[in-house]
Amino acid sequence: MKIGIIGGSGLDDPEIIDNPTDIEVDTPYGPPNSTLRQGRIAGKDVVLLARHGRAHTATPSHVNYRANIHALRKVGCAAILSTTAVGSLRQEIGRGDLVILDQFIDFTRHRAATFHDRFEPHNPAHTPMADPFSEPLRELLVAACRTFGYRHHDKGTVVTIEGPRFSTRAESNMFRAWGADVINMSVATECILAVEAGVPYATVAMSTDYDCWKTDEPPVNWEEIVTIFKENAEKVTSVLVEVIRRM
Ligand code: ADE
(Lines give C-alpha, C1' and ligand atoms only; values in the text may rest on other atoms or scores of the structure.)
Protein backbone atom coordinates (compact mmCIF):
# COMPACT_ATOMS: atom_id res chain seq x y z
CA MET A 1 0.00 0.00 0.00
CA LYS A 2 1.38 3.38 -1.01
CA ILE A 3 0.61 6.34 1.28
CA GLY A 4 0.50 9.98 0.20
CA ILE A 5 1.57 12.71 2.60
CA ILE A 6 0.70 16.34 1.97
CA GLY A 7 2.91 18.58 4.04
CA GLY A 8 1.52 21.98 4.95
CA SER A 9 3.21 25.16 6.11
CA GLY A 10 6.18 24.21 8.26
CA LEU A 11 5.96 20.51 7.49
CA ASP A 12 6.98 20.24 3.89
CA ASP A 13 10.40 18.91 4.82
CA PRO A 14 11.22 15.86 2.72
CA GLU A 15 14.01 14.73 5.10
CA ILE A 16 11.75 12.19 6.83
CA ILE A 17 11.87 9.88 3.78
CA ASP A 18 14.40 7.06 3.29
CA ASN A 19 15.90 6.49 -0.19
CA PRO A 20 14.09 9.48 -1.75
CA THR A 21 13.65 9.95 -5.46
CA ASP A 22 11.83 12.86 -7.05
CA ILE A 23 9.30 12.21 -9.77
CA GLU A 24 7.51 14.66 -12.05
CA VAL A 25 3.86 13.85 -12.69
CA ASP A 26 1.52 15.72 -14.98
CA THR A 27 -2.24 15.80 -14.58
CA PRO A 28 -5.24 17.10 -16.57
CA TYR A 29 -5.15 20.07 -14.16
CA GLY A 30 -1.49 20.89 -14.75
CA PRO A 31 1.47 19.97 -12.58
CA PRO A 32 1.14 19.47 -8.80
CA ASN A 33 2.65 22.12 -6.54
CA SER A 34 5.83 20.18 -5.91
CA THR A 35 7.63 17.26 -7.43
CA LEU A 36 6.54 14.07 -5.72
CA ARG A 37 9.20 12.67 -3.41
CA GLN A 38 8.89 8.89 -3.32
CA GLY A 39 10.62 6.70 -0.81
CA ARG A 40 10.01 4.75 2.34
CA ILE A 41 9.00 5.54 5.92
CA ALA A 42 8.99 2.71 8.48
CA GLY A 43 9.36 0.26 5.59
CA LYS A 44 6.23 1.50 3.76
CA ASP A 45 6.06 3.15 0.34
CA VAL A 46 5.25 6.83 0.70
CA VAL A 47 4.95 9.84 -1.59
CA LEU A 48 5.43 13.32 -0.14
CA LEU A 49 4.03 16.46 -1.70
CA ALA A 50 4.65 20.01 -0.41
CA ARG A 51 1.23 21.68 -0.58
CA HIS A 52 2.53 25.20 -1.14
CA GLY A 53 5.61 24.09 -3.11
CA ARG A 54 9.07 23.44 -1.70
CA ALA A 55 9.76 27.20 -1.55
CA HIS A 56 6.26 28.01 -0.27
CA THR A 57 5.32 30.12 -3.30
CA ALA A 58 1.71 28.96 -3.85
CA THR A 59 -0.87 31.04 -1.98
CA PRO A 60 -3.79 29.11 -0.41
CA SER A 61 -6.07 30.28 -3.26
CA HIS A 62 -3.59 29.19 -5.91
CA VAL A 63 -2.50 25.82 -4.61
CA ASN A 64 -3.40 23.41 -7.41
CA TYR A 65 -5.45 21.16 -5.12
CA ARG A 66 -6.93 19.18 -7.99
CA ALA A 67 -3.53 18.44 -9.51
CA ASN A 68 -2.11 17.51 -6.10
CA ILE A 69 -4.84 14.97 -5.32
CA HIS A 70 -4.93 13.67 -8.89
CA ALA A 71 -1.13 13.19 -8.93
CA LEU A 72 -1.10 11.26 -5.65
CA ARG A 73 -3.87 8.99 -6.87
CA LYS A 74 -2.15 8.58 -10.24
CA VAL A 75 1.04 7.23 -8.61
CA GLY A 76 -1.06 4.73 -6.66
CA CYS A 77 -1.65 6.29 -3.24
CA ALA A 78 -4.46 4.41 -1.49
CA ALA A 79 -4.60 6.85 1.44
CA ILE A 80 -3.56 10.44 2.09
CA LEU A 81 -2.37 11.91 5.38
CA SER A 82 -2.03 15.66 5.53
CA THR A 83 -0.65 18.18 7.97
CA THR A 84 -1.64 21.77 8.55
CA ALA A 85 -1.18 24.65 10.94
CA VAL A 86 -4.48 25.92 12.35
CA GLY A 87 -5.59 28.79 14.51
CA SER A 88 -7.56 27.86 17.63
CA LEU A 89 -11.11 29.13 18.09
CA ARG A 90 -11.42 27.48 21.53
CA GLN A 91 -9.71 28.32 24.80
CA GLU A 92 -9.04 24.62 25.51
CA ILE A 93 -7.13 24.10 22.24
CA GLY A 94 -3.77 25.50 23.20
CA ARG A 95 -0.69 26.37 21.16
CA GLY A 96 1.14 23.20 20.14
CA ASP A 97 -1.93 20.96 20.62
CA LEU A 98 -2.69 18.46 17.86
CA VAL A 99 -6.25 18.22 16.53
CA ILE A 100 -7.44 15.20 14.55
CA LEU A 101 -10.09 16.88 12.39
CA ASP A 102 -13.45 15.20 11.84
CA GLN A 103 -15.52 17.94 10.15
CA PHE A 104 -15.01 21.03 8.03
CA ILE A 105 -16.90 24.20 7.15
CA ASP A 106 -15.93 25.42 3.69
CA PHE A 107 -15.75 29.23 3.70
CA THR A 108 -13.60 29.50 0.54
CA ARG A 109 -14.81 31.44 -2.51
CA HIS A 110 -12.26 31.57 -5.31
CA ARG A 111 -10.99 28.07 -5.98
CA ALA A 112 -11.79 24.94 -7.90
CA ALA A 113 -13.16 22.60 -5.24
CA THR A 114 -14.54 19.80 -7.41
CA PHE A 115 -13.37 17.39 -10.09
CA HIS A 116 -16.86 17.57 -11.60
CA ASP A 117 -16.75 20.64 -13.84
CA ARG A 118 -19.46 19.03 -15.94
CA PHE A 119 -21.66 16.00 -15.48
CA GLU A 120 -21.84 13.01 -17.76
CA PRO A 121 -25.26 12.99 -19.48
CA HIS A 122 -27.95 11.83 -17.03
CA ASN A 123 -25.33 11.08 -14.40
CA PRO A 124 -24.98 14.01 -11.99
CA ALA A 125 -22.17 13.54 -9.46
CA HIS A 126 -23.25 14.87 -6.07
CA THR A 127 -20.75 13.38 -3.66
CA PRO A 128 -21.89 12.58 -0.10
CA MET A 129 -19.76 14.64 2.32
CA ALA A 130 -21.39 14.11 5.73
CA ASP A 131 -18.28 12.62 7.35
CA PRO A 132 -15.48 13.71 5.04
CA PHE A 133 -12.40 12.56 6.99
CA SER A 134 -11.56 8.84 6.94
CA GLU A 135 -12.54 7.33 10.30
CA PRO A 136 -9.95 4.48 10.19
CA LEU A 137 -7.16 6.97 9.43
CA ARG A 138 -8.42 9.31 12.16
CA GLU A 139 -8.38 6.47 14.66
CA LEU A 140 -4.77 5.71 13.77
CA LEU A 141 -3.81 9.37 14.21
CA VAL A 142 -5.58 9.59 17.59
CA ALA A 143 -3.93 6.35 18.74
CA ALA A 144 -0.49 7.66 17.78
CA CYS A 145 -1.09 10.92 19.70
CA ARG A 146 -2.04 8.81 22.75
CA THR A 147 1.04 6.59 22.36
CA PHE A 148 3.32 9.61 22.61
CA GLY A 149 1.21 11.32 25.28
CA TYR A 150 0.89 14.49 23.21
CA ARG A 151 -1.79 17.02 24.12
CA HIS A 152 -4.38 16.41 21.44
CA HIS A 153 -8.10 16.60 20.61
CA ASP A 154 -9.79 13.50 19.13
CA LYS A 155 -12.19 15.62 17.06
CA GLY A 156 -12.42 19.10 15.67
CA THR A 157 -14.30 21.12 13.09
CA VAL A 158 -12.05 23.23 10.88
CA VAL A 159 -13.33 26.26 9.01
CA THR A 160 -11.29 26.82 5.88
CA ILE A 161 -11.14 30.45 4.77
CA GLU A 162 -9.95 31.83 1.45
CA GLY A 163 -6.99 33.80 2.78
CA PRO A 164 -4.27 34.78 2.39
CA ARG A 165 -5.43 37.42 4.86
CA PHE A 166 -6.39 36.43 8.37
CA SER A 167 -9.93 36.91 9.67
CA THR A 168 -11.50 40.01 11.20
CA ARG A 169 -12.65 39.77 14.81
CA ALA A 170 -16.24 39.70 13.60
CA GLU A 171 -15.47 36.74 11.33
CA SER A 172 -13.52 34.94 14.04
CA ASN A 173 -16.44 35.31 16.48
CA MET A 174 -18.89 34.20 13.81
CA PHE A 175 -16.87 31.03 13.13
CA ARG A 176 -16.91 30.29 16.87
CA ALA A 177 -20.67 30.77 16.96
CA TRP A 178 -20.97 28.42 13.98
CA GLY A 179 -19.26 25.69 15.96
CA ALA A 180 -15.85 25.72 14.30
CA ASP A 181 -12.99 24.72 16.61
CA VAL A 182 -9.99 25.64 14.46
CA ILE A 183 -9.31 27.69 11.33
CA ASN A 184 -7.02 27.32 8.34
CA MET A 185 -6.78 28.10 4.63
CA SER A 186 -6.45 24.75 2.85
CA VAL A 187 -7.90 21.61 4.38
CA ALA A 188 -11.57 21.71 3.30
CA THR A 189 -10.68 22.05 -0.37
CA GLU A 190 -8.16 19.23 -0.23
CA CYS A 191 -10.50 16.96 1.74
CA ILE A 192 -13.41 17.52 -0.67
CA LEU A 193 -11.25 16.54 -3.63
CA ALA A 194 -9.85 13.46 -1.89
CA VAL A 195 -13.41 12.32 -1.09
CA GLU A 196 -14.47 12.92 -4.70
CA ALA A 197 -11.41 10.98 -5.86
CA GLY A 198 -12.28 8.10 -3.52
CA VAL A 199 -9.01 8.30 -1.59
CA PRO A 200 -9.32 8.03 2.22
CA TYR A 201 -7.97 11.27 3.70
CA ALA A 202 -7.22 12.50 7.22
CA THR A 203 -5.39 15.43 8.74
CA VAL A 204 -3.28 16.06 11.79
CA ALA A 205 -3.62 19.76 12.53
CA MET A 206 -1.34 21.70 14.85
CA SER A 207 -2.75 24.66 16.71
CA THR A 208 -0.34 27.58 16.42
CA ASP A 209 -2.34 30.65 17.57
CA TYR A 210 -5.67 31.95 18.86
CA ASP A 211 -6.64 33.75 15.64
CA CYS A 212 -8.04 37.12 16.80
CA TRP A 213 -11.18 36.39 18.85
CA LYS A 214 -9.38 36.72 22.19
CA THR A 215 -9.23 40.23 23.58
CA ASP A 216 -6.45 39.55 26.10
CA GLU A 217 -3.71 38.95 23.53
CA PRO A 218 -2.60 40.41 20.18
CA PRO A 219 -4.11 38.95 17.00
CA VAL A 220 -2.33 36.20 15.07
CA ASN A 221 0.56 37.01 12.73
CA TRP A 222 2.52 34.76 10.37
CA GLU A 223 5.76 34.92 12.37
CA GLU A 224 3.94 33.46 15.39
CA ILE A 225 2.60 30.57 13.31
CA VAL A 226 6.05 29.70 11.97
CA THR A 227 7.69 29.89 15.40
CA ILE A 228 5.12 27.68 17.14
CA PHE A 229 5.04 25.24 14.25
CA LYS A 230 8.83 24.84 14.23
CA GLU A 231 8.87 24.29 18.00
CA ASN A 232 6.30 21.49 17.68
CA ALA A 233 6.96 20.03 14.21
CA GLU A 234 8.68 17.01 15.71
CA LYS A 235 5.32 15.92 17.23
CA VAL A 236 3.60 15.93 13.86
CA THR A 237 6.45 14.02 12.24
CA SER A 238 6.52 11.35 14.92
CA VAL A 239 2.72 10.91 14.76
CA LEU A 240 2.90 10.49 10.98
CA VAL A 241 5.75 7.98 11.17
CA GLU A 242 3.92 5.98 13.86
CA VAL A 243 0.68 5.90 11.86
CA ILE A 244 2.51 4.79 8.72
CA ARG A 245 4.30 2.08 10.71
CA ARG A 246 0.89 0.76 11.85
CA MET A 247 -0.80 0.93 8.43
N1 ADE B 1 -3.36 28.88 9.99
C2 ADE B 1 -2.81 28.94 11.22
N3 ADE B 1 -3.41 29.86 11.98
C4 ADE B 1 -4.40 30.41 11.22
C5 ADE B 1 -5.38 31.41 11.44
N6 ADE B 1 -5.47 32.05 12.60
N7 ADE B 1 -6.23 31.70 10.42
C8 ADE B 1 -6.14 31.05 9.24
N9 ADE B 1 -5.23 30.11 8.97
C10 ADE B 1 -4.37 29.78 9.95
Side-chain angles (χ1 to χ4, degrees), residues 5-13 33 50-53 56-63 65 68 81-111 113 132-133 141 150-153 155-192 201-237 239-240:
I5 305 171
I6 302 180
S9 309
L11 209 118
D12 28 27
D13 172 13
N33 283 98
R51 181 183 293 125
H52 298 276
H56 205 114
T57 44
T59 70
S61 306
H62 292 102
V63 167
Y65 299 94
N68 291 353
L81 298 168
S82 79
T83 71
T84 182
V86 291
S88 169
L89 299 173
R90 304 281 158 210
Q91 181 65 46
E92 64 273 18
I93 302 177
R95 289 185 174 80
D97 286 9
L98 302 183
V99 185
I100 311 306
L101 305 173
D102 71 324
Q103 286 289 324
F104 66 69
I105 295 171
D106 183 5
F107 201 68
T108 65
R109 309 147 203 240
H110 305 298
R111 40 181 101 169
F133 295 91
L141 287 165
Y150 294 150
R151 267 190 61 93
H152 70 282
H153 305 267
K155 291 178 170 196
T157 296
V158 63
V159 55
T160 296
I161 60 169
E162 189 60 49
R165 69 168 178 88
F166 291 115
S167 304
T168 63
R169 282 190 216 280
E171 288 167 335
S172 198
N173 283 317
M174 177 182 73
F175 297 141
R176 278 164 50 75
W178 282 1
D181 301 305
V182 292
I183 181 165
N184 95 327
M185 301 182 189
S186 57
V187 162
T189 317
E190 210 167 77
C191 184
I192 292 167
Y201 174 96
T203 303
V204 51
M206 186 209 287
S207 166
T208 51
D209 56 84
Y210 277 105
D211 200 39
C212 64
W213 59 275
K214 272 163 84 75
T215 47
D216 59 349
E217 59 169 89
V220 57
N221 62 66
W222 176 244
E223 290 68 32
E224 175 186 18
I225 293 178
V226 173
T227 306
I228 301 293
F229 207 99
K230 281 195 181 138
E231 281 171 18
N232 293 280
E234 177 68 32
K235 290 186 202 165
V236 176
T237 310
V239 164
L240 284 180

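For reference, positions follow the sequence shown, starting with 1. Just so you know, ligand 1 is whichever comes first in the structure, and atom 1 is the first atom listed for that ligand.
Contacts with ligand 1 closer than 4.0 Å are made by side-chain heavy atoms of I225 only, the backbone lying farther away. Under 4.0 Å from ligand 1, not a single heavy atom of T84 appears. When heavy-atom distances to ligand 1 are checked against a 4.0 Å cut-off, D209 comes that close only through its side chain, counted from C-beta outward.
Side-chain N/O atoms of S61 and E162 include a donor and acceptor closer than 3.5 Å. Side chains of K155 and Q103: a donor-acceptor N/O pair is absent below 3.5 angstrom, by distance only.
With respect to E190 and R51, a salt bridge is recorded, a charged nitrogen being found less than 4.0 Å from a carboxylate O.
Checked against a 3.5 angstrom limit, the closest N/O atoms of V220 and ligand 1 fall outside it.
Ring geometry, H56 versus H52: the interplanar angle falls under 30°, so the pair is classed parallel (tilted spans 30 to 60°).
Distances below 4.0 Å separate heavy atoms of V86 from the following atoms of ligand 1: 1 (N), 2 (C), 3 (N). Every atom of ligand 1 is numbered from 1 in the order shown, and the set under 4.0 Å from a heavy atom of T208 is 2 (C), 3 (N). Ligand-side atoms of ligand 1 in range of D211: 5 (C), 6 (N), 7 (N), range being under 4.0 angstrom from any heavy atom.
Counting only heavy atoms of the protein, atom 1 (N) of ligand 1 lies nearest to A85 O, 3.4 Å. Distance from atom 8 (C) of ligand 1 to its nearest protein heavy atom, with residue and atom name: M185 CE, 3.7 Å. Remark: minimum distance from atom 10 (C) of ligand 1 to any protein heavy atom is reached at I183 O, 3.6 Å.
Side chain of Y65 to main chain of P60: a donor-acceptor pair is present (N/O by atom type, distance under 3.5 Å, no hydrogens or angles).
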